2 protein chains.
Amino acid sequence: MSEKTMTIREMCDAYDVTPRTLRFYESKELLFPIREGQKRLFTKRDRARLKLILRGKRFGFSLEEIRQLLDLYDMGDQQATQLQRTYEVAQHRLKDMEEQRDELNEAIDDLREQLKWGEQFLADLANQKDAAQ
Amino acid sequence: MSEKTMTIREMCDAYDVTPRTLRFYESKELLFPIREGQKRLFTKRDRARLKLILRGKRFGFSLEEIRQLLDLYDMGDQQATQLQRTYEVAQHRLKDMEEQRDELNEAIDDLREQLKWGEQFLADLANQKDAAQ
DNA sequence: CGTCTTACTTACGTTAACGTCAAGCTGTAT
DNA sequence: ATACAGCTTGACGTTAACGTAAGTAAGACG
């Protein structure tokens with residue numbers, strides 16, 4: 001029952017992506033739908049991979065990185081060494097993300113300061129205007 | 001004394017940007033260095049604007065947005081309405097940044113979960129390997 | 001049979017913010 | 001004079017992840 005394949009449109013609806021995106025992912029060797037004549041048929045495996053792709057994107061991995069990770073997963077659960085590498089890449093990514101977040105927080109604080117300053121300025125201007133009347 | 005102009009290289013060294021960047025900003029009407037023959041000479045005003053540009057970039061504004069903001073500032077401190085708009089734009093940006101940060105935090109948490117899972121998996125593999133010996 | 005729907009391939013377009021030549025001018029130190 | 005450093009303008013290249021349009025095929029339906 002879970003062996004049913006899906007058409008490109010069903011995939012698009014199910015995962016909220018465009019056909020172009022799925023074809024693009026195939027061209028980048030992230031997905032491997034089978035063919036029925038011309039048409040693509042996406043298998044359970046493709047669906048699993050797509051889920052991982054979308055998750056990877058949320059994590060900020062590039063498609064190329066995602067492809068490499070997917071390949072590692074595919075190489076079988078036999079190679080712990082490979083998995084170890086995956087783990088390291090992921091940890092690296094985590095560090096990057098934390099740095100990014102910290103920078104963002106700094107920028108937010110910074111911008112908040114500026115806004116306080118701007119508020120003050122606007123208030124002063126308003127007073128000035130009132131006084132002039 | 002503060003009226004001294006700077007050459008492009010001095011600017012690059014002072015603000016850690018490339019010549020290309022400064023020329024690019026000029027072409028985008030963010031900076032207006034004067035000319036001495038061929039050469040660009042950057043004034044105090046340019047330096048002030050560049051500082052604002054770099055700050056704006058830290059805040060995640062696009063160069064086009066920055067240009068508009070700089071223009072507003074230039075239109076004089078007379079137009080409180082304009083300043084009000086600046087303020088609004090900035091607040092909008094702040095919201096965006098906070099959203100971005102929240103998403104990033106979610107992703108970080110998510111990734112942390114995955115890593116915990118991966119650690120477990122690796123540990124299991126190691127045990128399996130040991131047991132096999 | 002005609003038409004509609006869905007899909008297909010190919011290939012150029014998009015966006016931002018510069019990078020990277022190429023070719024030429026200018027001032028100065030040797 | 002010449003070599004060299006530093007500047008100039010133009011213009012094409014880069015990157016990621018698709019968007020978009022043109023032209024075609026293939027199956028379903030009435």
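Since the model is a prediction, treat every value here as computed from it, not as a measurement. Reminder, nothing fancy here: chain letters follow the sequence lines and each chain counts from 1.
Distances shown here put a side-chain N or O of R9(B) below 4.0 Å from the OP1 or OP2 atom of dC7(D). Taking side-chain N and O atoms only, K39(B) has no distance below 4.0 Å to OP1 or OP2 of dA5(D). Residue T18(A) places at least one side-chain N or O under 4.0 Å from the OP1 or OP2 atom of dG19(D). Checking the phosphate oxygens (OP1, OP2) of dT9(D), a side-chain nitrogen or oxygen of R35(B) falls inside 4.0 Å.
Closest to the side chain of K57(A), from the set dC7(D), dA17(D), dC8(C), is dA17(D).
The nearest heavy atom of DNA chain D to L63(A) and to P19(B) marks one nucleotide each, and the one closer to the 5' end goes with P19(B). Summary of the strand contacts: Q38(B) and E64(B) both lie near DNA chain C, and taking for each the nucleotide with the nearest heavy atom, the more 5' one is attributed to E64(B).
Listed for the R67(B) side chain is no donor-acceptor partner under 3.5 Å among the backbone atoms of E29(B). Between the side chain of D46(A) and the backbone N or O of L31(A), no donor-acceptor pair lies under 3.5 Å.
Grouping the Ile, Leu, Val, Met, Phe, Trp and Tyr side chains by contacts below 4.5 angstrom, directly or via other members, places F32(B) apart from L50(B).
Salt-bridge check for R35(A) with E26(A): passed, with a basic side-chain N closer than 4.0 Å to an acidic carboxylate O. A salt bridge between K39(B) and E36(B) is absent, with no side-chain N of the basic residue lying under 4.0 Å from a carboxylate O of the acidic one.
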What does the list of N/O pairs under 3.5 Å between the protein and nucleotides 20-22 of chain C look like, with a distance for each?
residue: dT20(C); atom: O4; partner: R20(B); partner atom: NE; Å: 3.2

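At whole-Å resolution of the value, CG in L22(B) and C1' in dA17(C) are 13 Å apart. Taking atom CD1 of I8(B) as the reference point, atom P of dC18(C) lies 14 Å away to the nearest angstrom.
If you check residues 23-33 of chain B against DNA chain C, the residues with a heavy atom closer than 4.0 Å are F24(B), Y25(B), listed by number.
Side-chain contact check for T43(B) versus P33(B): every heavy-atom pair is 4.5 Å or farther apart.
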